[in-house]
Amino acid sequence: MLQVNVLRQNTAWAKERLAIRNFKQLELVDEIVALDDKRKKLQLEFDTIQAKINCSSKDIGKLMGQGKKEEADALKAEIPQLKTALEPIKEAMQFAEKQLQDALVLLPNLPSGLVPPGKTPEDNVVVRQGGNTPTLGTNPLPHWDLAKKYNLIDFELGVKITGSGFPVYIGKGARLQRSLIQYFLDFNTAAGYTEYIPPFVVNEDSAYGTGQLPDKEGQMYFVTEDKFYLIPTSEVPLTNIWRDVILKEDDLPIKMTAYSPCFRREAGSYGKDVRGLNRLHQFEKVEIVQVTKPENSYETLDAMVAHVENLLQNLGLPYRILRLCGGDMGFTSALTYDFEVFSAAQGRWLEVSSVSNFENYQTNRLKCRFKDANGKTQLAHSLNGSSLALPRILGSLLENNQTEHGITIPEVLWKYFGAEEIR
RNA sequence: GGAGAGAUGGCAGAGCGGUCUAAUGCGGCGGUCUUGAAAACCGUUGACUCUAAAGGUCCAGGGGUUCGAAUCCCUUUCUCUCCGCCA
């Protein structure tokens, strides 16, 4: 969430930034500053009266110790009226605090200066394109047909066991998926990321900490019995490792990577968007997360983009990198690059990664801070990206690499997959 | 799941109704000494709010009793021990 002081000191600028992402309730910024003013005023009143009570209580203690019971009783008699005066102030203060908090979580992050204006995905800017689109033979098959032909994935079986959007990977399909996961993790750890296996369900504090709550409440599966959320991405448990932590400057940057299944309800999705592996309720993903010093976060973002780009190049997939426009960006992001691969048989670009800098939006909520060289505590910056989401990579790999007699496996996967081709 | 015991500063650990502004030890930081280091000795040591300062808040979370709560009561969560179940 945003810092009130930033909004207070740069009110007009903050509104301009929010307008870039087509945020409508700009008056919320003024309301927040007003609420904070109110809160401060009440806090001061509260503190003044509380100080008097504390002082009297100490005096009573001393008097009792000296056996001056009557003087102590006289002092005691003064306190009830102070407490009576305190009560409404306390309530008003707590109410103002809650209102402030409730308002703050409604504000999305401020887009960085690089974010292009725009409302829809059409307004995203292609910053780079790479790889070659293959020339497929006649009647290229979409991946769901290839999956059936080579017995790699059974979608109907998933429907039987759970429901739509929960595919069952079988044999070489499962093996290919595992090969990709292992390749991604090895590639990430070679680049200095530490591998984690985090919990796949999280509590409310964690879901709130990275901003999934209250924004994406309906997107997550919820275990009512224990009040746990199934993670929509391992970003949630990974970033929350640093909740309520004050780091040393030397600890930064923190580089983490994790494989996890991801669970998303995706309510309301339908049609060709959800066909095959295009959109699932459970999918696999390898994630990278970094926590950095504020002054380094944008060069870190560039490094993460280059890192993900390398992965796609190594897999030989045709890709493009988009800088998301204000209207298409995530709630908590300041700048996001999306990666799409071209799935040749479907003839569509599919999103396979999203790399974002959250600046201190997440860390402010998480209270993830570090002590700088001057001993001052300040908020760190957090970033994350998919490296990579598996289903669409798998789908496009099947489609782009299909031949007359099988599917060729990219060379980087040979040692994991144990073969150069699926026949 | 049942019974019992606990949760205190970076860590260990005292405090169980009133100078707690939380003892003590370890660790960290600074200094003295030293060619340098170690040892020894001396000093220092959290967060939030507010900030000119004072003040206020924080002893797992929430609520209560009291003039006054780390300390008493209720409640939630977590940890440990024993039993049960189990990969």
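Per chain, numbering begins at 1; letters A, B, ... match sequence-line order.
- Using N1 to N3 plus N6-O4 or O6-N4 for Watson-Crick, or N1-O2 and O6-N3 for G-U wobble, each under 3.5 Å, A52(B) pairs with nothing.
- Between the P atom of A53(B) and the CG atom of Leu44(A) lies a distance of 15 Å, rounded to the nearest Å.
- Pairing partner, U24(B): A12(B), with both Watson-Crick or wobble hydrogen-bond distances short of 3.5 Å.
- Side-chain contact check for Glu309(A) and Tyr319(A): at least one donor-acceptor pair (N or O, by modelled atom type) lies under 3.5 Å.
- Atom NZ in Lys248(A) sits roughly 15 Å away from atom P in G27(B) (whole-Å rounding).
- Taking a pair to require two hydrogen-bonding distances under 3.5 Å in either a Watson-Crick or a G-U wobble arrangement, A37(B) remains unpaired.
- Distance, Asp59(A) CG to U19(B) C1': 11 Å, rounded to whole Å.
- Rounded to an integer number of Å, the gap from Asp244(A) CG to G9(B) P is 14 Å.
- Of all nucleotides listed (U57(B), C67(B), C50(B)), C67(B) comes nearest to the side chain of Ile79(A).
- Here U65(B) sits opposite no nucleotide as a Watson-Crick or G-U wobble pair (both hydrogen-bonding atom distances under 3.5 Å).
- Nearer the 5' end of RNA chain B, as judged by each residue's closest nucleotide, is the contact made by Ile246(A), out of Pro80(A) and Ile246(A).
- Considering all non-hydrogen atoms of both residues, Phe200(A) and Tyr259(A) come closest at CE2-O, 4.1 Å.
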| query | Under the side-chain hydrogen bond (donor to acceptor under 3.5 Å, both in side chains) criterion, do Gln99(A) and Gln94(A) qualify, and how do the steps go? | reply | CA-CA 9 Å; Gln99(A) 278 186 309; Gln94(A) 286 173 344; over 6 Å; no
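- The distance from atom CG of Leu42(A) to atom C1' of G56(B) is 14 Å, rounded to the nearest whole Å.
- G61(B) sits 12 Å from A70(B) when the P atoms are compared, rounded to a whole Å.
- The distance between atom CZ of Phe46(A) and atom P of G55(B), rounded to the nearest whole Å, is 16 Å.
- G84(B) and C20(B) are spaced 49 Å apart, taking the P atom of each and rounding to whole Å.
- Between His143(A) and Phe155(A), the two ring planes are tilted [angle within 30° to 60°].
- Across U21(B) and A5(B), the matching P atoms stand 31 Å from one another, rounded to whole Å.
- For G56(B), the OP1/OP2 oxygens have a side-chain nitrogen or oxygen of Asn54(A) closer than 4.0 Å.
- Between the C1' atoms of A14(B) and C50(B), the separation comes to 33 Å (whole Å).
- Nucleotide G84(B) forms a pair with no other nucleotide shown, judged by Watson-Crick or G-U wobble geometry with both contacts under 3.5 Å.
- Nucleotide G63(B) holds its C1' atom 13 Å from the CD atom of Glu87(A), rounded to whole Å.
- With both pairing distances under 3.5 Å, C58(B) is matched to G46(B) as a Watson-Crick or G-U wobble pair.
- For the pair Arg365(A) and Tyr208(A), the cation-pi test (distance below 6.0 Å, angle within 45°) is passed.
- Using modelled atom types and a 3.5 Å distance limit, the side chains of Arg392(A) and Ser343(A) yield no donor-acceptor pair.
- As a whole-Å value, the separation of Asp47(A) CG from C48(B) C1' is 12 Å.
- The ring of Tyr193(A) has its center closer than 6.0 angstrom to the ring center of His307(A).
- Between Lys83(A) and G68(B) there is a side-chain N or O to OP1 or OP2 distance below 4.0 Å.
- Base pairing of U79(B): its partner is A5(B), meeting the Watson-Crick or G-U wobble criterion (both donor-acceptor distances under 3.5 Å).
- Distance check on atom P: A7(B) versus U71(B) gives 11 Å, rounded to whole Å.
- Across all strands, Thr48(A) comes closer than 4.0 Å to no nucleic acid atom at all (heavy-atom distances).
- Nucleotides U24(B) and G17(B), compared at atom C1', are 23 Å apart to the nearest Å.
- Comparing G2(B) with G56(B), their P atoms are spaced 44 Å from each other, to the whole Å.
- Nucleotide U71(B) forms no Watson-Crick or G-U wobble pair with any nucleotide shown, as no partner meets the under 3.5 Å limit on both distances.
- Remark on RNA chain B: of its neighbouring residues Ile60(A) and Thr377(A), the 5'-side contact belongs to Thr377(A), judged by nearest-heavy-atom nucleotide.
- Taking atom P in both C11(B) and C59(B), one finds a spacing of 16 Å when rounded to whole Å.
- For the pair Lys76(A) and U66(B), the criterion of a side-chain N or O lying under 4.0 Å from OP1 or OP2 is not met.
- Taking side-chain N and O atoms only, Arg369(A) has a distance below 4.0 Å to OP1 or OP2 of C48(B).
- In this model, the phosphate group of A47(B) is approached by a side-chain N or O of Lys371(A) to a distance below 4.0 Å at OP1 or OP2.
- Neither OP1 nor OP2 of G68(B) sits under 4.0 Å from any side-chain N or O of Ser56(A).
- Side chains of Asn364(A) and Gln3(A): no donor on one and acceptor on the other come within 3.5 Å.
- Candidate nucleotides U49(B), U21(B), G68(B) were compared by shortest atom distance to the side chain of Lys58(A), and U21(B) ranks first.
- Contact annotation for Leu82(A): no contact, since no heavy-atom pair falls under 4.0 Å across all strands.
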